[in-house]
Amino acid sequence: MVTTHNLGFPRIGERRELKFALEGFWRGELDEAALRETGAKLRAGNWRDQQPLTLAPVGDFSLYDQVLDMSATLGNLPDRAGKAGENALDRYFRIARGRSPADDNCCGVHAGEMTKWFDTNYHYIVPEFDANTRFALEPTRLLEQLAEAKAEGVNAKPVIIGPVTYLWLGKSKDDTDRLSLLDDLLPVYGELLQLLADSGAEWVQIDEPILVTELGGEWRHAMNLAYHNLKASPVKLLLTTYFGQLRENLQLACELPVAGLHLDAINARDEVARVTDWLPGHKVLSLGVIDGRNIWKTDLQATLGWLEPVHQKLRERLWLAPSCSLLHVPVDLDNETTMDPEIRSWLAFARQKLEELQVLAMALAEGRKSVADGLKSNADAILSRRRSTRVTDPQVRNEVAAITPELGQRKSDYKHRSAIQASHLKLPQYPTTTIGSFPQTKDIRQTRLKYRKGELGPEEYQARVRDEIRHCIQEQEKLGLDVLVHGEAERNDMVEYFGEQLEGYVFSRLGWVQSYGSRCVKPPILFGDISRPKAMTVEWIRYAQSLTNKPLKGMLTGPVTILNWSFVRDDQPRKDTCLQLALAIREEVLDLEQAGVNIIQIDEAALREGLPLRQSDWQSYLDWAIEAFRITANGVKDETQIHTHMCYSEFNDIIEAIARMDADVITIETSRSDMELLDAFKGFQYPNDIGPGVYDIHSPNVPGTDHIISLMNKAAERIPAERLWINPDCGLKTRSWDEVMPALRGMVAAARELREA
Ligand code: GLN
Ligand code: ZN
């Protein structure tokens with residue numbers, strides 16, 4: 001036998017049962033017992049799915065977020081959660097979601113900050129620390145789930161976040177050094193491990209994914225300190241890393257005094273040999289051999305090709321698992337009954353990935369013959385994908401091969417073309433605009449849904465979307481905005497809309513992946529070479545332009561964002577896929593220009609999100625990402641004004657790359673940062689126009705004119721006023737018309753006052 005295990009299973013449920021239970025509970029339609037029962041059912045189902053594994057994870061389930069769970073377990077919910085002893089679930093959700101004054105009979109509670117979990121699209125609640133932070137064990141959740149698992153006959157392996165990663169994930173609210181808290185934290189971990197052992201756990205999976213990042217000396221030292229301290233623990237620790245290579249931390253990871261190490265052999269395949277050599281003979285090596293971040297079938301024969309010699313060497317010391325928690329993939333491919341069967345045959349979701357794991361384990365233990373059928377059908381699927389004419393399009397390949405640097409080069413430099421644009425567009429100082437989407441009313445959502453279901457014919461659909469566009473243009477004219485947009489009523493999602501019209505994409509029906517809390521995304525699946533059979537946006541935007549004499553801004557999603565928010569193919573570098581997307585969107589840009597659209601915005605909301613985990617890898621990512629944007633944007637005439645937009649991002653360390661994009665105007669999210677984000681642009685002497693957001697669209701609050709003026713004055717301290725635009729932080733689609741109209745009215749009024757000043 002070869003030991004198999006899993007690091008975590010999707011908890012949202014194959015039909016998003018947890019999402020609906022949570023939202024029902026928050027609306028008061030479901031009581032706590034019912035919510036907890038949904039959780040228990042999901043856990044039981046997940047364990048059933050994981051039955052064939054030697055060890056199944058326990059504690060990977062969460063009602064909201066695994067990091068917030070860990071904060072609760074360590075007694076580190078912020079004070080504003082309420083007092084210990086109050087209803088635990090209530091305290092938990094106060095931090096998860098915040099609470100408005102009306103719902104809290106008092107003063108309201110702000111939610112914990114949320115941020116990205118390493119380089120995934122999952123978001124966790126940031127632990128909070130200060131000088132008064134003290135930890136105290138609250139083991140109920142873990143112990144209950146462990147008991148539940150035992151009752152189900154599960155060979156349970158509790159999963160926790162390790163102490164050093166836990167501190168690293170959090171933020172100090174004063175100047176307290178997070179690592180100074182380690183001394184107080186370790187005894188709580190010691191207690192927890194003791195309790196888990198007492199409850200019958202033999203192994204505990206302790207996650208330290210920061211070992212794949214660049215760690216300062218003090219963090220590496222903390223690792224040593226922590227695990228020497230926990231050495232006496234009565235359970236066996238499986239030190240778990242994922243999402244990348246260990247590199248300079250490899251020796252450290254191998255030498256920490258634990259019983260086993262898990263390595264992500266998808267991302268760190270080239271480190272397997274070194275780890276095998278370094279790892280002391282009494283330790284288990286768990287290899288993550290199935291990609292937990294993607295939806296492709298594993299090439300089982302190829303995997304066995306390198307895995308068999310490792311198994312020869314390590315024998316029972318070798319364990320097999322997916323590379324990381326399966327949280328990042330959808331639950332079950334069998335639900336995709338409407339997907340193109342050929343493409344479906346190339347895919348594996350969480351349940352299918354566990355089946356692959358079993359085949360690999362059997363092949364190692366009993367020989368390949370023992371699983372000949374499984375290997376054969378896998379090999380057929382791999383071959384079918386490799387040979388499919390739907391994956392490779394020679395014309396696209398030729399076009400990518402023919403890319404030259406000139407393709408990404410504007411005809412003239414910014415100074416020259418901005419003068420030309422000014423004389424054409426005749427915009428006032430402090431031009432006002434929006435980021436693209438206007439409120440998506442119930443009505444417009446229904447229209448799209450009915451059209452999708454075939455309940456509405458194409459003419460009727462077109463007429464209704466046109467009505468919406470007309471309404472949106474009229475409102476913008478009433479407001480007196482300077483650069484108008486069509487409002488994006490036809491778009492469900494800024495990536496899906498384009499994916500659906502590009503060759504090379506398929507869509508799942510239930511391929512949901514948790515993004516945070518009850519929120520899920522359904523990333524489109526990019527399986528083949530990308531091309532654009534016909535124009536995707538021109539018809540709507542041309543119609544919008546025909547309704548107004550003001551300049552209308554055409555709206556597109558950029559190649560890097562489309563890439564970062566899709567499941568992308570693993571048979572070529574991401575760069576190559578991105579360049580294909582760039583060429584396709586470039587055609588759309590040129591078609592819009594041809595149609596008389598003088599301003600074109602190319603959104604790159606997810607540009608920063610794609611940054612690799614290690615800073616030393618940033619430059620190569622930025623080089624091709626920026627090249628892709630430039631290819632998309634820069635084929636236009638000098639007269640055409642290119643805008644780009646980015647959501648909230650730290651710009652300091654990527655400002656040089658942002659400048660290289662050479663967009664005529666960049667609009668960014670800044671209102672909550674009090675314009676401090678502009679310091680990066682100022683310091684770099686960023687040369688082009690900037691629209692710093694003055695309206696926080698995430699909040700129902702309507703900003704007053706005075707507030708907007710004061711924000712713009714702060715902006716003008718950093719960027720010359722003649723290069724400033726006035727706009728909201730982001731798209732308005734989640735707000736209502738009632739909120740949007742007064743906010744934009746205030747914005748236009750602010751612009752007028754600033755011009756007169
Ligand atoms: N144009 C998009 C919109 O307004 C941009 C959204 C985004 O940046 N996330 O909705
Ligand atoms: Zn945005």
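Counting convention: from 1, in listed order, for ligands and their atoms alike. Please read all numbers here as calculations on a predicted model, not as lab measurements.
- Heavy-atom proximity to Met494, at under 4.0 Å, picks out these atoms of ligand 1: 6 (C), 7 (C), 9 (N).
- Which parts of ligand 1 touch Asp603 is read off a 4.0 Å heavy-atom cut-off, strictly below it: atoms 1 (N), 2 (C), 5 (C).
- Taking both residues in full, the closest heavy atoms of Ala584 and Leu502 are given as CB-CD2, 3.9 Å, listed atom of the first, atom of the second, then distance.
- Atom numbering of ligand 1 starts at 1 in the shown order; those under 4.0 Å from a heavy atom of Gly436 are 4 (O).
- With a 4.0 Å cut-off on non-hydrogen atoms, Met646 does not touch ligand 1 at all.
- Side-chain polar atoms of Arg630 and Gln409 form a donor-acceptor pair below 3.5 angstrom.
- Within the 6.0 Å centre-distance limit, the rings of Phe243 and His328 are counted as a close aromatic pair.
- A 4.5 Å side-chain heavy-atom check between Ile444 and Phe438 finds every atom pair outside the cut-off.
- Summarising the geometry, atom CD1 belonging to Ile469 is positioned 8.0 Å from atom CG belonging to Leu547; distances are rounded to the nearest 0.5 Å.
- Here Ser437 has heavy atoms under 4.0 Å from ligand 1 in both its backbone and its side chain.
- Between Gly731, Pro728, Cys647, it is Cys647 that holds the heavy atom closest to atom 9 (N) of ligand 1.
- Atom CD in Glu753 sits 3.5 Å away from atom CD1 in Ile709 (nearest 0.5 Å).
- Within His645, the N/O/S atom positioned nearest the Zn ion (ligand 2) carries the name NE2.
- By the 3.5 Å distance cut-off applied to N or O atoms, Lys733 is not counted among the residues near ligand 1.
- The number of heavy-atom neighbours closer than 6.0 Å to NZ of Lys116, taken from other residues, nucleotides and ligands shown, is above 12.
- Here's the thing with Glu488: one of its N/O atoms is less than 3.5 angstrom from an N/O atom of ligand 1.
- For the residue pair Asp696/Ser671, the side-chain donor-acceptor check at 3.5 Å is not satisfied.
- Atoms of ligand 1 found under 4.0 Å from any heavy atom of Ile435 (numbered from 1 in listed order, with element): 1 (N), 4 (O).
- Considering only non-hydrogen atoms, atom 8 (O) of ligand 1 lies nearest to His645 out of His645, Gln440, Gln601, Glu604.
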